[in-house]
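One-based numbering, in listed order, for ligands and for the atoms of each. Hydrogens, waters and symmetry mates are skipped; everything else that's a heavy atom, side chains included, is used.
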Amino acid sequence: MDSRPIGIFDSGLGGLTAVKEAVRRMPGEHIVFFGDTGRVPYGTRSTPTIIRYAMEDMRFLKRFDIKTAVVACGTVSTTALPELRKNFDLPIYGVTEAAVDAALRESRSGRIGVIGTNASIRSGTYERLLKEQCADAEVVSIPCPLLVPLVENGRFDPADPVVRLILEEYLAPITEFGADTLILGCTHYPLLRTAVAQVCGPDVALIDPGRETAEVLAQELSANGLAADPDRKGSLRCFVSDDAESFSHFGSMFLGRDIEADVSLCDISAEK
Ligand code: DGL
């Protein structure tokens, strides 16, 4: 058994999609979450900048004596994971591997769509991992840079006409391609899950990377004797680099409970 916390980070609200699943599956774990709300979005940045931000985020989480880290960010997972694993001596989970495994399990036709940030799609990581595991897979990847700002501004109501219009444009190539499975390749996107499902229709399976990763993490912690005492009551502490109020508001909406008292502001520039 290992009572130390799990560290999870993202550029902003999106990481809560992984946190929500981690809390649900591992209620005894203490979780420390960092959302880099002062520097979101990451997905429109260059690779060196994303690596630098990711290194600072990990340094911040390491202060809490974490036993493992989850990079609950598709952009960092596709762009900076090898760098993080080289520099930090603890198990680090990205969100891409578990999402790819789930997509290949789910797809019947082998036609798989991927949506993500500019950086994630530019990296080609999802496509490469899919093809490595299934040479016959046919993949279409679409960058959707407007979705993260929408979510960060709390625009995730499926009835919102702006959300609908933007999704219709981004998802048209996925529908034309005839994908039967779609990887929501940025952890912000599951907040738009209902709206995406409405646009894609009921025949397209949606893969949530944060959910899949939390599942793998729960299994591996338990298999390696690293899970917390299951009778313990876990906790959630959130840190953000700007605008704790907005994060608390939308985060509480998404998690379905008031997290205001659990959210603190931190100075990420101290981790340079
Ligand atoms: N939620 C992140 C991702 O999964 C970050 C998006 C961004 O900051 O642009 O890619």
Side-chain angles (χ1 to χ4, degrees), residues 7-22 33-58 60-61 69-81 83-84 92-100 102-103 113-127 129 141-156 166 170 182-193 196 206-214 217 238-243 246-247 250-251 254-255 268:
I8 302 182
F9 77 86
D10 179 38
S11 60
L13 274 175
L16 293 182
T17 59
V19 168
K20 189 175 187 175
E21 294 301 321
F33 174 75
F34 172 61
D36 197 1
T37 51
R39 302 190 293 196
V40 67
Y42 281 13
T44 49
R45 316 267 178 199
S46 66
T47 300
T49 300
I50 294 166
I51 292 174
R52 180 163 56 83
Y53 287 177
M55 295 287 288
E56 291 167 6
D57 301 346
M58 272 296 299
F60 174 72
L61 284 178
V70 178
V71 179
C73 173
T75 303
V76 174
S77 301
T78 53
T79 308
L81 205 52
E83 204 66 21
L84 291 177
I92 302 178
Y93 291 80
V95 287
T96 45
E97 288 104 335
V100 162
V114 181
I115 53 174
T117 64
N118 284 347
S120 291
I121 300 304
R122 180 181 70 216
S123 76
T125 304
Y126 275 109
E127 199 152 345
L129 292 174
S141 305
I142 309 291
C144 304
L146 293 178
L147 299 186
V148 169
L150 269 186
V151 169
E152 287 292 323
N153 285 285
R155 301 287 291 265
F156 36 81
I166 292 174
Y170 280 148
L182 175 63
I183 298 179
L184 305 175
C186 164
T187 53
H188 280 70
Y189 300 173
L191 282 102
L192 298 164
R193 187 185 183 102
V196 172
L206 303 180
I207 306 297
D208 172 344
R211 177 185 294 179
E212 301 301 334
T213 304
L217 176 66
C238 297
F239 293 87
V240 292
S241 50
D242 199 10
D243 201 354
S246 165
F247 181 88
F250 293 125
F254 175 67
L255 293 176
I268 194 66

Identify all pairs of nitrogen or oxygen atoms, one from ligand 1 and one from the protein, separated by less than 3.5 Å, and list them with distances.
| residue | atom | partner | partner atom | Å |
| --- | --- | --- | --- | --- |
| ligand 1 | 1 (N) | Asp10 | OD1 | 3.0 |
| ligand 1 | 1 (N) | Asp10 | OD2 | 3.3 |
| ligand 1 | 1 (N) | Thr187 | OG1 | 2.9 |
| ligand 1 | 1 (N) | His188 | ND1 | 2.6 |
| ligand 1 | 4 (O) | Gly74 | N | 2.5 |
| ligand 1 | 4 (O) | Thr187 | N | 2.8 |
| ligand 1 | 4 (O) | Thr187 | OG1 | 3.3 |
| ligand 1 | 8 (O) | Ser11 | OG | 2.6 |
| ligand 1 | 8 (O) | Tyr42 | N | 2.7 |
| ligand 1 | 9 (O) | Tyr42 | N | 3.2 |
| ligand 1 | 9 (O) | Gly43 | N | 2.7 |
| ligand 1 | 10 (O) | Gly74 | N | 3.4 |
| ligand 1 | 10 (O) | Thr75 | N | 2.9 |
| ligand 1 | 10 (O) | Thr75 | OG1 | 2.6 |

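Looking only at side-chain heavy atoms (C-beta outward), Pro41 and Thr117 stay at 4.5 Å or farther from each other.
Legend: residues meeting salt bridge (charged side-chain N to carboxylate O under 4.0 Å, His left out) with Arg155, ordered by chain and number and at least two apart, are Asp160. Residues passing the ring pair (Phe, Tyr, Trp, His ring centres under 6.0 Å) test with Phe239 are Phe60, Phe64, sequence neighbours excluded. Every residue was checked against the ring pair (Phe, Tyr, Trp, His ring centres under 6.0 Å) condition with Phe9, not counting sequence neighbours, and none meets it.
Salt bridge Asp208/Lys20: absent, no basic N to carboxylate O contact under 4.0 Å.
In this structure, the side chain of Ser77 engages the main chain of Val71 through a donor-acceptor pair within 3.5 Å.
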